[in-house]
Every structure is written in structure tokens, then in C-alpha cells.
Protein chains: 2
Amino acid sequence: MIDRRTKLREATRREILEAAWEVAREEGIGAVTLRDIAGRVGMRPPSLYTHFGSKMAIYDAMYRQGWEDYLAVVAGLEPRLPRQPRAALVVVAGSFFDFALAEPARAQLMNQRLVPGFEPTAEAYAPAVQVLDRLRGTLARLGADGDAAVDLFTAVVGGLVSQQIANDPGGRRWRRLLERAMDMYADEVGLPGPRLTPRPGGTQGA
Amino acid sequence: MIDRRTKLREATRREILEAAWEVAREEGIGAVTLRDIAGRVGMRPPSLYTHFGSKMAIYDAMYRQGWEDYLAVVAGLEPRLPRQPRAALVVVAGSFFDFALAEPARAQLMNQRLVPGFEPTAEAYAPAVQVLDRLRGTLARLGADGDAAVDLFTAVVGGLVSQQIANDPGGRRWRRLLERAMDMYADEVGLPGPRLTPRPGGTQGA
DNA sequence: GTCTATACTGTGATAGAC
DNA sequence: GTCTATCACAGTATAGAC
């Protein structure tokens with residue numbers, strides 16, 4: 001039964017989460033304090049405990065929201081992936097890269113263990129698992145089968161993203177390597193099709 | 001002039017750092033408190049300020065020590081690298097991987113921004129730069145030239161390490177992919193020599 | 001120079017009045 | 001549901017004992 005009261009509660013929760021994202025964007029995900037959040041929604045800090053059981057519960061809801069948002073991105077992407085496996089690979093990896101770089105604070109919460117002591121609950125982790133399941137299916141359809149292929153993919157894309165955030169925030173130094181990295185990966189797992197980028201030593205050398 | 005007093009000071013600093021590493025190992029790098037450290041060395045928390053200007057200064061010294069230790073590993077490794085470029089690649093990447101996995105707390109301090117607000121000073125960052133310079137030289141000697149080759153290498157190896165720490169701590173799920181990842185990388189940058197691992201689809205398929 | 005005692009500020013969290 | 005008041009604990013600063 002969803003009556004008016006629970007709807008109002010939901011609205012307040014959303015308002016609190018939106019304020020938390022604002023603080024995270026401006027101050028960094030680790031610098032979020034209950035006072036900052038409360039100030040933005042016009043509450044005293046203890047009042048937040050009416051809506052969230054703890055600060056970790058707020059992080060948990062943010063984590064879940066981040067993965068739900070990206071799950072929506074992936075779901076919208078899938079029906080219109082390019083037919084060429086390599087081009088599709090670039091679209092999939094690029095969507096993750098750009099989603100992460102659009103809000104580094106969110107990406108750090110979702111992918112790194114930037115908040116000491118924070119572990120997502122099973123419910124909050126669920127959409128992340130769905131994203132991984134979809135990825136597994138997409139890779140298999142493109143011709144990359146098996147756990148190892150998935151693990152290698154997440155390592156390569158995740159590595160590019162975290163290098164970009166850590167060492168060239170706001171730039172594109174590792175973003176520019178994404179197409180080449182996908183060619184490298186496609187060659188390794190045996191995807192068909194011509195390379196999208198020239199192999200550096202191959203074309204101009206001997 | 002290094003008299004007895006400054007030597008004692010140095011010893012105390014080392015003792016404090018060792019205690020800090022202990023806490024980091026047991027509780028996690030983000031859970032280190034001055035009270036914990038002080039307790040282990042038999043001091044009151046404010047006394048630590050005689051030896052370190054702030055908690056961040058302790059993190060800074062730890063960061064520097066971590067990279068100095070790994071620099072020593074790399075320096076000891078270099079004279080006896082295998083002649084085969086691919087085998088050498090595996091040794092270099094493996095040394096980083098194993099160094100990181102031996103103490104995840106140290107790796108998180110060194111590679112991720114796990115401590116909110118912590119930025120290494122230029123002095124502490126210096127050994128990290130030296131490691132990167134050596135890596136650049138080593139890769140070039142093996143036949144992988146240019147910034148892109150270095151950036152791709154750090155992304156791949158860093159990605160494997162962070163996936164391992166985050167998603168399979170204590171296991172070897174991504175560690176097992178290291179040789180194959182180095183073959184993949186070697187193929188991409190055009191290193192000579194036969195593959196160390198069989199290409200999955202190539203040998204048993206058509 | 002080195003450490004202690006004390007205190008100040010800010011944090012997440014709880015209890016109880018309204 | 002929100003408030004005030006309060007707590008325990010964090011990092012930090014300073015004054016003073018030795």
C-alpha cells in the first residue's frame with residue numbers, strides 16, 4: 001500500500017540523496033558530512049536519522065543509485081550496438097568510461113573502496129551484478145566467451161578509467177587509448193573484423 | 001652533522017612509522033588513528049606532533065616509504081631480467097602485482113586515493129616518479145616505445161591489481177591472467193618472441 | 001628537546017521533549 | 001517527524017613539566 005505518507009517519505013529521501021550527491025561532487029566523496037547534507041535540505045543533522053539509519057546507509061543508497069543509473073545507460077545502449085564486434089566493444093567500454101568520468105566522485109564510490117569501512121549491502125550491490133551479467137552476455141554474443149574474457153575486459157577498462165581519474169583528471173590521456181585498448185583486447189580474445197586503429201609498429205615499419 | 005640526538009630522532013620516527021604500518025595492516029589504511037599509533041609506541045597522541053607535523057605527514061612518509069621499497073625491488077630486479085622480452089614483461093608486471101598484493105593496505109595508499117584529502121608532497125612523490133622513469137626505460141629497451149605504450153602498460157597492470165584487491169582479496173583470480181595479459185600487451189606493441197600462453201581460440205579451434 | 005595534560009573543534013550517533 | 005541536548009571519539013593546538 002503506497003499512501004501519501006510513504007510517498008512524502010520517499011520524496012524526502014530523494015531530496016537527501018540529491019543533497020549528498022551535491023556535496024560529493026563539490027567536496028569529494030570522502031568529505032561528505034551529515035552536517036553538510038542536513039544544511040542543504042534545511043534540517044538538523046540528527047533528523048537525517050529518521051530517513052537513513054546511518055551515514056553508511058546513505059552511501060549505500062548512493063552506491064545503488066549509481067549502478068542503477070549506469071544499468072539504465074547500458075540497457076538503452078544494447079538494442080542499438082554496432083554490428084561490428086570491435087565497434088560494439090568500443091561503445092560498451094566508452095559508455096562506462098564516460099559515465100565514470102562525468103562524475104568522478106560517483107565513480108570512486110562505485111568502483112574503488114574510497115570510503116573507509118563502506119561495504120555495499122546485497123540490495124545495493126544487486127544492480128552492479130546485473131550490469132556484470134549483461135556485460136557477460138554482451139561479450140559472449142560478440143564472441144568473447146568465458147570468465148577469463150570478462151575478467152580481462154573489466155581489468156583493462158577499469159584500469160584505464162582509474163588511471164585517467166588519478167593521473168589526468170579532466171584530461172583525455174587514457175581516454176584516447178580506449179579504441180586501441182579495445183583492438184588489443186579483441187585481438188587477444190579472437191574477435192573478427194579489421195582493427196579500428198593502426199598497429200603502431202606494423203603499418204609504417206617493415 | 002649527524003650526532004646522537006638526530007639519530008635518536010630518526011629511530012623514533014621509524015618506530016612511529018612501523019607502528020603506523022601495523023595499524024594499517026590490521027585495521028585498513030583509512031582506519032589509522034593517532035591514538036592507535038601512539039598507543040603502540042607508548043606515547044600520548046599529542047607527542048606524535050614532536051616527530052610529525054600532522055597525520056598527513058605520517059601518511060606522506062608512509063607513501064614515500066612504500067615507493068622507495070618498491071624502487072629497491074625494481075632496482076634489484078633489473079640486472080637479471082630474462083632476455084626474452086615477454087618473459088621480462090611478466091617479471092616486471094609480476095613484481096608490481098605481488099608487491100601490491102603482499103600488503104593491500106600499502107598498495108591502496110600508493111596507488112589509489114583511499115585517504116580523503118591526502119596528496120603526497122613532491123618529496124614523497126619522487127620515488128614514484130623514479131619507478132615510472134625506470135619502467136619507461138625498461139619498456140623502451142624491450143621494444144615498447146613511447147608514452148602510449150607506458151600508459152597502456154600501467155593501465156593494464158594497475159587494472160589487474162585493483163580488480164584483484166577489490167573483488168578477490170586473498171585469491172589469484174586476476175593474478176592468473178597476468179601472463180596472458182602480458183602476451184596481449186606484447187602483441188599490441190609489437191614485441192618479438194613466441195607467446196607464453198596459448199591464444200584461447202586460435203590453437204584448438206579451426 | 002621531549003613528552004604530558006588539557007582543551008578546542010568537528011564528526012557520527014543517541015535520547016527524549018515537542 | 002523534527003527538534004535540542006548530549007555523548008564518544010577523532011585530529012589538532014598549546015602551555016608547561018621534566
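Chain identifiers are assigned alphabetically (A, B, ...) following the order of the sequence lines, protein sequences preceding nucleic acid strands; residue numbering begins at 1 within each chain. Model, not experiment: these values are computed from the prediction.
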Nearest 0.5 Å, please: how far is [atom2] in [Y] from [atom1] in [X]?
| X | Y | atom1 | atom2 | result |
| --- | --- | --- | --- | --- |
| A:Ile16 | A:Met43 | CD1 | CE | 4.5 Å |
| A:Asp187 | B:Asp183 | CG | CG | 13.0 Å |
| B:Asp60 | B:Thr121 | CG | OG1 | 3.5 Å |

I'd like a table of donor-acceptor pairs (distance under 3.5 Å, sequence neighbours excluded) in which one partner is a side-chain atom from residues 136-148 of chain B, with atom names and distances.
from: B:Arg136; atom 1: NH2; to: B:Asp133; atom 2: OD1; distance (Å): 3.4
from: B:Thr138; atom 1: OG1; to: B:Glu78; atom 2: OE2; distance (Å): 3.1
from: B:Thr138; atom 1: OG1; to: B:Arg134; atom 2: O; distance (Å): 2.9

Exercise. Think B:Arg9 has a side-chain N or O under 4.0 angstrom from the OP1 or OP2 of C:dT2?
Worked result: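 Yes.
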
Exercise. Taking only side-chain nitrogens and oxygens of B:Ser47, does any of them come within less than 4.0 Å of OP1 or OP2 of C:dT4?
Worked result: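 Answer yes for this pair, as a side-chain N or O of B:Ser47 is under 4.0 Å from OP1 or OP2.
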
Exercise. Of the residues in residues 17-25 of chain B, which ones touch DNA chain D at a heavy-atom distance under 4.0 Å?
Worked result: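 Listed by number, there are none.
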
How close or far is atom [atom2] of [N] from atom [atom1] of [X], stated in whole angstroms?
| X | N | atom1 | atom2 | result |
| --- | --- | --- | --- | --- |
| B:Arg13 | C:dT2 | CZ | P | 12 Å |
| A:Leu48 | C:dT11 | CG | P | 13 Å |
| B:Arg44 | D:dT12 | CZ | P | 19 Å |
| A:His51 | D:dG1 | NE2 | P | 6 Å |
| B:Met43 | C:dG1 | CE | P | 15 Å |
| A:Glu15 | D:dG1 | CD | P | 14 Å |

For this session: Salt-bridge test for A:Arg25 and A:Glu18: reply yes if a basic N is under 4.0 Å from a carboxylate O, no otherwise.
Result: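 Salt bridge flag = yes for A:Glu18 with A:Arg25.
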
For this session: Just grab all the salt bridge (charged side-chain N to carboxylate O under 4.0 Å, His left out) pairs involving residues 87-101 of chain A, residues at least two apart or on different chains.
Result: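 Only A:Asp98-A:Arg175 qualify under salt bridge (charged side-chain N to carboxylate O under 4.0 Å, His left out).
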
Exercise. Does B:Glu179 have any salt bridge (Lys or Arg N to Asp or Glu O under 4.0 Å) partners at least two apart in sequence or in another chain, and if so, which?
Worked result: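 Applying salt bridge (Lys or Arg N to Asp or Glu O under 4.0 Å) to B:Glu179 gives none.
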
Exercise. How does protein contact run along nucleotides 12-18 of chain C, one letter per nucleotide 5' to 3', with B for base contact, S for sugar-phosphate only, - for none, heavy atoms under 4.0 Å?
Worked result: BBB----

For this session: For B:Tyr59 and B:Ser54, test the side chains for any donor-to-acceptor distance below 3.5 angstrom and give the result as yes or no.
Result: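 No donor-acceptor contact under 3.5 Å links the two side chains.
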
Problem set entry | Set of side-chain contact (heavy atoms from CB on, under 4.5 Å) partners for A:Asn111, sequence neighbours left out |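 Counting only residues at least two positions away or on another chain, A:Asn111 forms a side-chain contact (heavy atoms from CB on, under 4.5 Å) with A:Trp67, A:Phe96, A:Ala107.
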
